[in-house]
Undergrad: 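One structure, as structure tokens, below. Some questions next.
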Amino acid sequence: MKWFSLPSALLCLALCSMFCCTAARADFVEYQILGTPLTMLLEGTATYTGKTIILRHPKFGSLYFPNSTRVHRVPSTYDQYAKKLNAAKTKQDAAFTMEVARWALKHGLLKNFHQAVDLAKEHDGQNVEVARIEGLRAKMAVDLGDHAEQEKALRKFCRKRDMKVTVSEHFILLHDTPDKPAEGRHKPRAEERLELLEMVYETFLFTFYARGVQLEVPRERLMVVLFNEYDDFRAFADELSPELASAAGFFIHDQNISVFFDHSTKGEMEALTRLAQRLEVERDRAIKLRSPGVADIRRFSDTISLLVEVTKENYDIEVVSHEATHHMAANTGLLPRHVRIPSWVHEGLATYFEAPDEAVWAGVGAVNRERLDLYRALEHDRVHSNIDFIVGDQIFNFAASNGATLHGYGQAWALTHFLMEKRFDDFMKFYRRLGEMPPDVMLSPELLTRIFDETFGKDRRALDSQWRAYMRSLKTDADVVLENR
């Protein structure tokens, strides 16, 4: 069964300021779209009115479902945060309050992260952790100045003539998307994309600073290209490299530019779009003929149209959060772009930070169902689901040569997830060692394994056992919701 859900991790960062102020309990509607294998798990506030369930969603308005649709009621992420914050207010301890702040950040409550940091500052303005975050805030607020040279570089990189430039605090976007918002939206596509990029930017930096890793703050805007049409994106990618044939977005290290397209124009969305269009025709016909049940037909049509928009947006969010992580890692000194960082390190970090399209609750490190399944597909193959095989970067060569590149991503994600959650300090030492390597020199499997051994020790059996036990314990957010029904 394929799951889609709203909100996915970084979308929830955008919504938390609205949703978190109104809901102490989360309702999740589990809905299978008629005529398709797609099941969606949507978050909001559900009420029963006769034969209909109305889900009031903080961004997409009211959606209507038959009363046979499953509704799961579980404590919301914000409700958990509120309890932790109240405890912090009672305790009046800065260190404890910063733990609450880190919890909020990890669970996608970016606004509440800042709220908890401000409370920690009230408790102790001299606290080292608070001072570190305050310092980052100041660095991020510095005006990055004129962007004329970056615009020239972008236009030289992408010579499509009808491209326009829109800038935000930390990004410059070259795009050909419409100047007016799409129907039902409040902002043009370019502004929506920049907001998402800014959320990735802020979340990435605060995640590391909150754990004691002081990365460099970019001193110029990061450059991004956004195509409105998938076909234009595909032609541009093919021109750059055959290796980008199946990419849904990419980061070019040499030019230091990320490239995306609007996922609403990709072919795989056509079936859902056609379904929505057919229903709109039936809706209009029913209204014209004043058919019985016209209100239900209209509501169902409008709901399906909204679900199509949800799905399109989730695709965008997943890809942008992944590629923007590559961009941030390369420009903050974490994984310097002139060092040949192994693929498993690059992709492991990007998949750790990406917002999986099936995630229900927000958060850095949200468990991705697809990545988890791909890891498990190789889990019993101890030759290839093997720490040394991953660390030496042979996993990607093996996966690519066997037509199973995504399985390489699954293994890289799994090992990165474990090391980020359970061996963070050692993992950062490993990153630093890689960053100190000579630029543009291919790192051999033997060298990579030696650096890894010097950081984590040579007792591979114990580390492997810990890794596999950790992976067996992982559950997706959808699974957690459904277990609590």
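Below, all heavy atoms of this structure are taken into account, side chains as well, without hydrogens, waters or symmetry copies. All of these numbers come straight from a predicted model, not from anything done at the bench.
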Undergrad: Under 4.5 Å between any side-chain heavy atoms of Asn368 and Thr476, yes or no?
TA: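 The answer is no, as the side chains (C-beta and beyond) never meet within the 4.5 Å cut-off.
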Undergrad: Side chain of Glu354, backbone of Val319: donor and acceptor closer than 3.5 Å?
TA: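 Answer holds: no.
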Undergrad: Does the plane of the ring in Tyr431 sit parallel, tilted or perpendicular to the ring in Phe427? Use 30° and 60° as the thresholds.
TA: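 Tyr431 and Phe427: tilted rings.
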Undergrad: Looking only at atom types and distance, does a side-chain atom of Asp232 sit under 3.5 Å from a main-chain N or O of Phe227, one as donor and one as acceptor?
TA: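 No; zero donor-acceptor contacts below 3.5 Å.
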Undergrad: Could you tell me the separation between the OG1 atom of Thr351 and the CD atom of Glu318, rounded to the nearest 0.5 Å?
TA: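 The CD atom of Glu318 is 10.5 Å from OG1 of Thr351, to the nearest 0.5 Å.
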Undergrad: The criterion is salt bridge (Lys or Arg N to Asp or Glu O under 4.0 Å); which residues satisfy it with Lys187, sequence neighbours excluded?
TA: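 Glu195.
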Undergrad: Throw together a table of side-chain donor-acceptor distances under 3.5 angstrom for residues 412-422, partners on residues two or more places apart or in other chains.
TA:
unit_1	atom_1	unit_2	atom_2	d
Thr416	OG1	Ala412	O	2.8
His417	ND1	Tyr470	OH	2.7
His417	NE2	Gly365	O	2.7
Glu421	OE1	Lys106	NZ	3.4
Glu421	OE2	Lys106	NZ	2.6
Glu421	OE2	Tyr352	OH	2.5

Undergrad: Between Asp426 and Arg423, is there a side-chain N and carboxylate O pair less than 4.0 Å apart?
TA: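 Counted as a salt bridge, because a side-chain N and a carboxylate O are separated by less than 4.0 Å.
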Undergrad: Report yes or no: do His147 and Glu220 form a side-chain donor-acceptor pair below 3.5 Å?
TA: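 Distance-only check fails for His147 and Glu220.
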Undergrad: With Leu144, which residues qualify under side chain to side chain contact (heavy atoms under 4.5 Å, CB included), at least two apart?
TA: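 In terms of side chain to side chain contact (heavy atoms under 4.5 Å, CB included), with neighbours along the sequence ignored, Leu144 is linked to His170, Arg221.
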Undergrad: Would you indicate whether the side-chain heavy atoms of Leu240 and Phe236 approach each other to under 4.5 Å?
TA: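 Heavy-atom side-chain distance check passes, below 4.5 Å.
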Undergrad: Using modelled atom types and a 3.5 Å cut-off, is there a donor and acceptor pairing between side-chain atoms of Thr449 and backbone atoms of Glu446?
TA: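 Not a single qualifying donor-acceptor pair exists.
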Undergrad: With sequence neighbours excluded, what pairs up with Asp464 under the side chain to side chain contact (heavy atoms under 4.5 Å, CB included) test?
TA: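 For Asp464 the side chain to side chain contact (heavy atoms under 4.5 Å, CB included) partners, ignoring immediate neighbours, are Arg382, Ile387, Trp467, Arg468.
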Undergrad: Rounded to the nearest 0.5 Å, what's the gap from CG on Asp176 to CD on Glu229? Could you check?
TA: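 The distance works out to 7.5 Å.
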Undergrad: Would you say that Ile317 contacts Leu196 through its side chain, given a criterion of any heavy-atom pair below 4.5 Å between the two side chains?
TA: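 Yes, close enough: below the 4.5 Å cut-off.
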Undergrad: Kindly list each side-chain donor-acceptor pair under 3.5 angstrom involving residues 329-338, sequence neighbours excluded, with atom names and distances?
TA:
unit_1	atom_1	unit_2	atom_2	d
Asn331	OD1	Asn256	ND2	2.8
Asn331	ND2	Asn256	OD1	2.8
Asn331	ND2	His327	O	2.8
Thr332	OG1	Met328	O	2.8
Arg337	NH1	His253	O	2.6
Arg337	NH1	Asp254	O	3.3

Undergrad: Tell me whether Asp238 is salt-bridged to Arg234, with the criterion being a basic N under 4.0 Å from an acidic carboxylate O.
TA: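 A salt bridge links Asp238 with Arg234.
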Undergrad: Can we call the ring centroids of Phe260 and Phe250 under 6.0 Å apart?
TA: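 No, ring centres 6.0 Å or more apart.
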Undergrad: What I'd like to find out is whether the side chain of Pro342 reaches to under 4.5 Å of the side chain of Phe396, using heavy atoms alone.
TA: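 SC-SC contact between Pro342 and Phe396 ruled out.
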Undergrad: Specify whether Phe261 and Phe233 have parallel, tilted or perpendicular ring planes, treating 30° as the upper limit for parallel and 60° as the lower limit for perpendicular.
TA: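 Judged by the thresholds at 30° and 60°, the geometry between Phe261 and Phe233 is tilted.
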Undergrad: Ignoring hydrogens and geometry, is there a side-chain-to-backbone donor-acceptor pair from Thr203 to Val200 under 3.5 Å?
TA: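 No.
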Undergrad: Just by distance, do the side chain of Ser385 and the backbone of Asp381 share a donor-acceptor pair under 3.5 Å?
TA: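 Pair absent, no side-chain N/O of Ser385 close to backbone of Asp381.
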Undergrad: Salt-bridge test for Glu379 and Arg376: reply yes if a basic N is under 4.0 Å from a carboxylate O, no otherwise.
TA: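 Arg376 and Glu379: not salt-bridged.
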Undergrad: Quick check against the 3.5 Å criterion: does Tyr209 have a side-chain atom that pairs as donor or acceptor with the backbone of Leu215?
TA: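 Side chain of Tyr209 to backbone of Leu215, a donor-acceptor pair under 3.5 Å: yes, one is there.
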Undergrad: Can you see which heavy atom on Ala350 is nearest to which on Thr325, and at what distance?
TA: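 Between these two residues, the closest heavy atoms are CA-CG2, 3.8 Å.
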Undergrad: Under a 4.5 Å cut-off applied to non-hydrogen side-chain atoms, are Arg340 and Met437 in contact?
TA: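 Side chain of Arg340 against side chain of Met437, heavy atoms only: no contact under 4.5 Å found.
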Undergrad: What's the shortest heavy-atom distance between Thr97 and Ala116, and which atoms?
TA: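 Closest approach of Thr97 to Ala116, heavy atoms only: CG2-O, 3.3 Å.
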Undergrad: How would you list, by chain and number, every residue that makes a side chain to side chain donor-acceptor pair (under 3.5 Å) with Glu151, sequence neighbours excluded?
TA: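 Result, side chain to side chain donor-acceptor pair (under 3.5 Å) vs Glu151: Arg155.
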Undergrad: Could you tell me which residues satisfy side chain to side chain contact (heavy atoms under 4.5 Å, CB included) with Lys475, sequence neighbours excluded, listed by chain and number?
TA: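 Side chain to side chain contact (heavy atoms under 4.5 Å, CB included) list for Lys475, sorted by chain: Asp479, Val480, Glu483.
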Undergrad: Looking at side-chain heavy atoms only, is the closest gap between Phe208 and Leu136 below 4.5 Å?
TA: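 Not touching, per the 4.5 Å side-chain cut-off.
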Undergrad: Do NZ/NE/NH1/NH2 and the carboxylate oxygens of Lys160 and Asp162 come within less than 4.0 Å?
TA: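 The answer is yes: the pair qualifies as a salt bridge.
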Undergrad: Just checking, any donor-acceptor pair under 3.5 angstrom between side chains of Glu347 and His322?
TA: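 Their side chains do contain a donor-acceptor pair, which is all the 3.5 Å distance test asks for.
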Undergrad: For Val259 and Phe251, what are the C-alpha separation, side-chain angles and deciding distance, and is it a side chain to side chain contact (heavy atoms under 4.5 Å, CB included)?
TA: CA-CA 6 Å; Val259 182; Phe251 170 62; over 6 Å; no
Undergrad: With heavy-atom distances below 4.5 Å as the criterion, would you say the side chains of Tyr230 and Asp262 are in contact?
TA: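 Side-chain contact under 4.5 Å: no.
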Undergrad: According to the salt bridge (charged side-chain N to carboxylate O under 4.0 Å, His left out) rule, which pairs have a member within residues 203-213, sequence neighbours left out?
TA: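 Not a single pair qualifies under salt bridge (charged side-chain N to carboxylate O under 4.0 Å, His left out).
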Undergrad: Does the pair Val225 and Ile257 meet the rule for a side chain to side chain contact (heavy atoms under 4.5 Å, CB included), with working shown?
TA: CA-CA 7 Å; Val225 176; Ile257 298 173; 4.0 Å; yes
Undergrad: Applying side chain to side chain donor-acceptor pair (under 3.5 Å), can you list everything that pairs with Arg137, at least two apart in sequence or on another chain?
TA: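 Residues passing side chain to side chain donor-acceptor pair (under 3.5 Å) with Arg137: His114, Asp118, Glu134.
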Undergrad: Are any of the side-chain heavy atoms of Met140 and Leu205 separated by less than 4.5 Å?
TA: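 Side chain of Met140 against side chain of Leu205, heavy atoms only: contact under 4.5 Å found.
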Undergrad: Keeping the roles fixed (side chain from Ser465, backbone from Arg461), state whether a donor-acceptor pair exists under 3.5 Å.
TA: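 Such a contact is absent between Ser465 side chain and Arg461 backbone.
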Undergrad: Can you tell me how far the CG atom of Leu174 sits from the CG atom of Leu226, to the nearest 0.5 Å?
TA: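 Interatomic distance, Leu174 CG to Leu226 CG, rounded to 0.5 Å: 9.5 Å.
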Undergrad: Just jot down the side chain to side chain donor-acceptor pair (under 3.5 Å) partners of Gln115, sequence neighbours excluded, or say none.
TA: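 Gln115 satisfies side chain to side chain donor-acceptor pair (under 3.5 Å) with Tyr81, Asn112 only.
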Undergrad: Rounded at 0.5 Å granularity, tell me how far CD1 in Ile451 sits from OG1 in Thr455.
TA: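 Taking CD1 in Ile451 and OG1 in Thr455, the distance rounds to 7.5 Å.
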Undergrad: Within this structure, what is the CE-SG distance for the pair Met223 and Cys158, rounded to the nearest 0.5 Å?
TA: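 These two atoms lie 12.5 Å from each other.
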Undergrad: Which atoms form the tightest heavy-atom contact between Trp344 and Val391, and what is the distance?
TA: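 It is NE1-O, 3.1 Å.
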Undergrad: If you draw the axis of the six-membered ring of Phe113, does the NZ or CZ of Arg102 fall within 45° of it and under 6.0 Å from the ring centre?
TA: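 That pair does not qualify as a cation-pi contact.
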Undergrad: Under the side chain to side chain donor-acceptor pair (under 3.5 Å) test, which residues partner Arg433, sequence neighbours left out?
TA: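 Arg433 satisfies side chain to side chain donor-acceptor pair (under 3.5 Å) with Glu454 only.
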Undergrad: Using side chain to side chain contact (heavy atoms under 4.5 Å, CB included) as the criterion, list what pairs up with Ala95, not counting sequence neighbours.
TA: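 Applying side chain to side chain contact (heavy atoms under 4.5 Å, CB included) to Ala95 gives Asp93.
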Undergrad: Dump the intermediate steps for side chain to side chain contact (heavy atoms under 4.5 Å, CB included) on Leu448 and Leu434, then the final yes or no.
TA: CA-CA 8 Å; Leu448 292 171; Leu434 292 178; 3.7 Å; yes
Undergrad: Compare every heavy atom of Ala210 with every heavy atom of Arg132, then report the nearest pair and how far apart it is.
TA: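 Scanning both residues, the minimum pair turns out to be NH2-O, 4.1 Å.
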Undergrad: Determine yes or no for a side-chain-to-main-chain donor-acceptor pair under 3.5 angstrom, with Lys164 supplying the side chain and Thr177 the backbone.
TA: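 Yes; judged by distance alone, with no hydrogens or angles, the pair exists.
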